[in-house]
Amino acid sequence: MSQYRAIRGMVDVLPDETPLWQMLEQTARDVLAAHGYAEIRTPIVESTELFARSIGEVTDIVEKEMYSFPDRNDDSLSLRPEGTASTVRAAVQHNLIQSPQRVWYMGPMFRYERPQKGRQRQFHQLGVETFGVAGPEQDAELLLMCRQWWTRLGINDVLTLELNTIGSPEARASYKAALTDYLRDHFDSLDEDSQRRLDTNPLRILDSKSVTTQAILDDAPSMAEYLDEESQRHHERLCQLLDMAGLTYTSNPRLVRGLDYYNKTVFEWTTDKLGAQATVCGGGRYDMMVGQFGGKATPASGFAAGLERLVLLMQTLNLDAIAAPDLYIVSSDENAFGQAMLEADRIRVEFPGLGVVQHLGGGSFKSQFKRADKSGAAWAMVFGAEEMVSGKVTLKALRANEEQMTLSREELDVFLGQLEQLTNEY
RNA sequence: GUGGCUGUAGCUCACCAGGUAGAGCACCGGAUUGUGGCUCCGGAGGUAGUGGGUUCGAGACCCAUCAGCCACCCCA
């Protein structure tokens, strides 16, 4: 047991797992690039007020989950609990919003919560934010893009899209009042958490897990009755676009997102394979936020995906990625090692697509070959006494059942060229 | 923040009215000395999460603490 451990809720991603992470991230970058989205990088620390204003003063995130601290000026700073606020701040600060923008970011977020499966205190999100398009076609594009990512990752089949609209701020306010009135009449029958939320965030009661509370909700006024006409049209058009694209979704009128800034479209991608933390990606529209941040009123829409949860999901589906070199070079003595090093160096220049690992630390051929096998390399390349004399090199297939061969340098280059082409076909 | 379960070698686990620890896998080495994967043999590795307490004696019992897991809560 080592003297130091990682801070609670903050985990090390070990070399075994990083290939899967890199695959996940690279796939995301590919999909985003294919849709014309550009990366934005913002600081991990912002003023506490920025998050409080955007996420909502009475949300759990702001009330008790932020890593906040005074800096040396006594200004209150916080580690970002999510990425939208920072992105909007940057977009306003640098005037990115004068024309439509499509941006994404990927990185760590921090929330002081009790850790459990799929929930950590430092976790990673891929966030996507778009500015300047008010219509539902922007929401549809985001959702289609998600689906492409899921498909490339091989997890599309185990994800469900839940969709709802929460209307305009005004519609929501009057609905909130109606719901609160109704629930107040049933106050004593509500579960404890919901009683508390009645004052703080009544809409959150809608997705309470309490059975009795849900029963009470069955007769509660519904959001749909209070929806403004524009939100309704927006929602209908979005559904139409999704239908057209063959993107199936579940309408969930009780889906309410936990952050205060949403309006109209809200959605979550969920899975039943991850236990209680079922949401893998969530987002929606937040048309008021840019204006609140002092920018010109600009519609906006986006989502955030939890990378740990996606990794977990892929692992439970036995989807994996491995990083193995193409060539593992072994050598018999100091002289051969030197030659091998130069050759490895040359190969990496001339065949940059190949992964070349040279054995370090000496040892018998036997132990070197063991290493070669464990590295997962496709081929072992041998520099021994014989090769030193002949000027050739020996190649042994470690995965395929092929006979070992000894090649001249010219033959070697032809071979490596073919190997490089083969590995690039993936 | 609340509740339940758990904490023994790198990993998965076992033993034991309480008498100072074992297995499998992994790791290292070897099986007539230039070749891995299979098999066989050998080896290294643990102050039993940490700190107290009960006891002649505790990994086993009690308390605290830390961490993990599961659920609530919350959300990605």
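Proteins come first, then strands; the chains are lettered A, B, ... in the order of their sequence lines, and each starts at number 1. Just so you know, these numbers come straight off a predicted model, no measurement behind them.
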With C1' as the reference atom in both, quote the distance from B:rU12 to B:rC72 in angstrom, rounded to an integer.
30 Å
Would you say that A:Leu238 contacts A:Leu163 through its side chain, given a criterion of any heavy-atom pair below 4.5 Å between the two side chains?
yes
Can you check the A:Asp373 CG to B:rC27 C1' distance for me, whole Å?
15 Å
Which sits closer to the 5' end of RNA chain B, A:Phe123 or A:Phe365, going by the nucleotide each is nearest to?
A:Phe365
Would you mind reading off the distance between A:Gln368 atom CD and B:rG30 atom C1', rounded to a whole angstrom?
17 Å
Side chain A:Lys366 and base B:rU35 donor-acceptor under 3.5 Å:
no
Between A:Arg285 and A:Gln138, is there a side-chain donor-acceptor contact under 3.5 Å, judged purely by atom types and distance?
no
To the nearest angstrom, the CG-C1' distance between A:Leu255 and B:rA76 comes to 14 Å
Who does B:rA71 pair with, Watson-Crick or G-U, both distances under 3.5 Å?
B:rU2
Under a 4.0 Å N-O cut-off, is there an ion pair linking A:Asp199 with A:Arg184?
yes
Under-4.0 Å salt bridge between A:Arg197 and A:Asp193:
no
Taking 4.0 angstrom as the limit, do A:Glu141 and A:Arg102 come out as a salt bridge?
yes
Looking at every strand, decide which applies to A:Lys370 at a 4.0 Å heavy-atom threshold: base, sugar-phosphate, or nothing.
sugar-phosphate
Residue matched to B:rG34 through Watson-Crick or wobble contacts both under 3.5 angstrom
none
May I ask which nucleotide in the shown strands pairs with B:rG42, Watson-Crick or G-U wobble, both distances under 3.5 Å?
B:rC28
For the C1' atoms, the ones on B:rC69 and on B:rC62, what distance do you get once it is rounded to whole angstrom?
24 Å
Identify whether any heavy atom of A:Glu387 sits under 4.0 Å from a base atom; if not, whether one sits that close to sugar-phosphate; answer base, sugar-phosphate or nothing.
base
Can you find a side chain N or O atom of A:Lys374 that sits less than 4.0 Å from OP1 or OP2 on B:rC28?
yes
Remember a base hit wins even if backbone is also touched, and classify A:Gln277 as base, sugar-phosphate or nothing at under 4.0 Å, heavy atoms.
base
Distance between the P atoms of B:rA14 and B:rC56, in whole angstroms?
31 Å
Could you work out the separation of B:rG68 and B:rC11 based on their C1' atoms and round it to a whole Å?
15 Å
Base, sugar-phosphate alone, or nothing: which one does A:Arg309 contact when heavy atoms must sit under 4.0 Å apart?
base
According to the 5.5 Å centroid and 30° plane-angle thresholds, does A:Phe369 stack upon the nucleobase of B:rU35?
yes
Can a side-chain donor-acceptor contact be found between A:Arg309 and A:Gln277 if the only test is distance below 3.5 angstrom?
yes
Using a heavy-atom cut-off of under 4.0 Å over every strand shown, decide if A:Gly118 touches base, sugar-phosphate, or nothing.
base
According to the Watson-Crick and G-U wobble definitions, with both distances under 3.5 Å, which nucleotide is paired to B:rU47?
none
Whole-Å distance separating the CE atom of A:Met66 from the C1' atom of B:rC75
15 Å
Whole angstrom value for the distance that separates P of B:rC75 from CD of A:Glu82
12 Å
So A:Gln120, base contact, sugar-phosphate only, or nothing? Heavy-atom distance under 4.0 Å.
base
Within this structure, what is the NE2-to-C1' distance between A:His359 and B:rG36, rounded to whole angstrom?
13 Å
Examine the base of B:rU35 for any acceptor or donor lying under 3.5 Å from a partner atom in the side chain of A:Gln404, and report the outcome as yes or no.
yes
Taking only side-chain nitrogens and oxygens of A:Arg111, does any of them come within less than 4.0 Å of OP1 or OP2 of B:rC74?
no
Nearest of B:rA76, B:rG29, B:rC73 to any side-chain atom of A:Glu113?
B:rA76
Nearest-Å distance once atom P is located in both B:rU54 and B:rC63:
15 Å
Is any side-chain nitrogen or oxygen of A:Gln116 closer than 4.0 Å to OP1 or OP2 of B:rA71?
yes
Whom does B:rG7 pair with, Watson-Crick or G-U wobble, provided both distances fall under 3.5 Å?
B:rC66
Scan A:Ala385 against the nucleic acid and name what it touches under 4.0 Å (heavy atoms): base, sugar-phosphate only, or nothing.
base
Does any donor atom in the side chain of A:Thr270 or A:Thr160 lie under 3.5 Å from an acceptor atom in the other side chain?
no
When the distance from CZ of A:Arg371 to P of B:rA26 is rounded to whole Å, what number comes out?
13 Å
Pair A:Arg204 + A:Asp60, salt bridge at N-O below 4.0 Å:
no
Separation of A:Asp16 atom CG from B:rA26 atom P, in whole Å?
14 Å
Given that both distances must come in under 3.5 Å, which nucleotide forms a Watson-Crick or G-U wobble pair with B:rC15?
none
How would you label the contact of A:Val382 with the nucleic acid (heavy atoms, under 4.0 Å): base, sugar-phosphate, or nothing?
base
Using Watson-Crick or G-U wobble geometry with both distances below 3.5 Å, tell me the partner of B:rC61, or none.
B:rG53
Look at all strands and tell whether A:Ala304 reaches a base, only sugar-phosphate, or nothing, counting heavy atoms closer than 4.0 Å.
sugar-phosphate
B:rG1 phosphate, OP1 or OP2: any side-chain N/O from A:Lys64 under 4.0 angstrom?
no
Do you see a donor-acceptor pair shorter than 3.5 Å between the side chains of A:Tyr105 and A:Glu129?
yes
N or O in side chain of A:Arg119 less than 4.0 angstrom from B:rC75 OP1/OP2
no
Where the side chain of A:Ala276 is defined as all heavy atoms beyond and including C-beta, which of B:rC73, B:rA67, B:rA71 is the nearest nucleotide?
B:rA71
Distance-only donor-acceptor check, side chains A:Asn263 and A:Asp287, under 3.5 Å:
yes
With rounding to whole Å, what would you report as the distance between B:rG43 and B:rA9 at their C1' atoms?
15 Å
Nearest to side-chain heavy atoms of A:Arg114, which nucleotide of B:rC75, B:rA71, B:rC74
B:rA71
With a non-hydrogen cut-off below 4.0 angstrom, is A:Gly9 in contact with a base, only sugar-phosphate, or nothing?
sugar-phosphate
Closest listed nucleotide, where the reference is the side chain of A:Asp193 and the choices are B:rC70, B:rC73, B:rA67
B:rC73
In whole Å, what separates the C1' atom of B:rA26 from that of B:rG46?
16 Å
Judged by nearest nucleotide, the residue sitting upstream toward the 5' end of RNA chain B, A:Gly283 or A:Arg399, is A:Arg399
Please give the distance between the P atoms of B:rC5 and B:rA64 as a whole number of Å.
13 Å
